[in-house]
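Order of listing sets the numbers, starting from 1, for every ligand and every atom in it.
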Amino acid sequence: MKNIMRQQRHVNRKATVFAPASVANVACGFDVLGFAIEKPGDIVSATTTKEHGVRIAAIKGDDGVLPLELHKNTAGVAALRTLEHIQHVRGEEFGVQLVITKNMPSGSGLGSSAASAVAAAVAVNALFDYPISPEDLVNFAMKGEAVASGSEHADNVAPSLLGGITLIRGYKPLDIVRIHVPKELCAVVVNPHIIVKTKEARAILPKKIALKDAISQTGNIAGFIAGCMREDYALIGRSLVDVIAEPHRAQLIPQYFAMKQAALQAGALGFNISGSGPSVFALTNDAQKAKVIARAITSVLKRAGVGSTAFISAVNTTGPKVKVV
Ligand code: HSE
């Protein structure tokens, strides 16, 4: 009886979710730090169907490059894992159909695959009245993200899903810590119009790092967290240093060091690669200066004949936006 009532409640429901882009690594926190921005973001609509399982009905805005096959699609896998879990604990009888709208390219360094995976996982969870907590949902969205990047990391998924600045304290089990967001912190994110595949950007990294580099990275990540907690913008800026990924990945991004110099000269607290690139980010505590920094970075690219899109955003502390009908 309970099952029948539940089925009636959930028939033909539709949940539409916007999940925001995010900046992963934040220079010093390879695979463990990330923050969400206001826009861009991907949108996934999920509708309950009588047929079991998950089906991707359409993908918009991807220029036909993303796969409709469920197991090859980040949103598809995230939705499937979420639905399987809900069916396991609640015995739901429904399937789900997805329509995915991409508002940023894959391989942009803006957390595009994570945003799609998060939007899909949150949409399925919303359809069934949120049986899974946002923190637990990160696990299922992360399975989707792994399809695109070849490894399970949550530094884009966690901030996109939970909002704010997040630290992955540990992966086994997943232990996510929300970091205080300094009130005036503002991000400039610039996406040069080229593609860098996360899988390839990960493949060029060394498997081992030197002790001196581990010491440097540890000091900087601790400095970044302390800087956020104390709203000490100079400390945040000094901590935006990466000795693990930047030395290897800078070569994948046109004009990287020229952009960095221009951003710092324009007054940025710090500058680095957003996720696995090619997007880059700078931080400031001055919203007016953000425009000057954005212009400085995009001008370098323009002079080199590379088109780009700039986003200026406070840290997005609210995460996904959900509408259920
Ligand atoms: N931490 C990841 C990386 C983010 O740098 O490879 C990109 O998904």
Considering the heavy atoms of Asn25, write down every atom of ligand 1 situated less than 4.0 Å from one of them.
-> 1 (N), 2 (C), 3 (C), 5 (O)
To the nearest 0.1 Å, how far is atom 8 (O) of ligand 1 from its closest protein heavy atom, and which atom is that?
-> His153 NE2, 2.8 Å
Nearest 0.5 Å please: distance from the CG atom of Leu161 over to the CG atom of Asn156.
-> 12.0 Å
Would you tell me whether Ser276 and Thr198 have side-chain atoms, one donor and one acceptor, within less than 3.5 Å of each other?
-> yes
Show which atoms of ligand 1 fall inside a sub-4.0 Å distance from at least one heavy-atom site of Asp31.
-> 1 (N), 2 (C), 3 (C)
Of all the atoms in ligand 1, which lie at a distance below 4.0 Å from a heavy atom belonging to Arg202?
-> 1 (N), 2 (C), 3 (C), 6 (O)
Ligand 1 contact on Thr198 by region, counting heavy-atom pairs under 4.0 Å = side chain
Per-residue contact class, Lys199 against ligand 1 - non-hydrogen pairs under 4.0 Å = neither
For residues Asn316 and Thr318, is any side-chain donor paired with an opposing acceptor at under 3.5 Å?
-> yes
Heteroatom proximity flag, Ser149 to ligand 1, N/O under 3.5 Å = no
Has Glu84 got more than 12 heavy atoms of other residues, nucleotides or ligands less than 6.0 Å from its CD?
-> yes
Under 3.5 Å side-chain donor-acceptor pair for His180 and Glu231 | yes
Do the ring centers of Phe271 and Tyr256 come within less than 6.0 Å of each other?
-> yes
Just how far is it from atom CD of Gln261 to atom CD1 of Ile297, taken to the nearest 0.5 Å?
-> 12.5 Å
Numbered atoms and elements of ligand 1 in range of Arg249, under 4.0 angstrom, heavy atoms | 3 (C), 5 (O), 6 (O)
Give the numbers and elements of all ligand 1 atoms closer than 4.0 Å to a heavy atom of Asn156.
-> 4 (C), 7 (C), 8 (O)
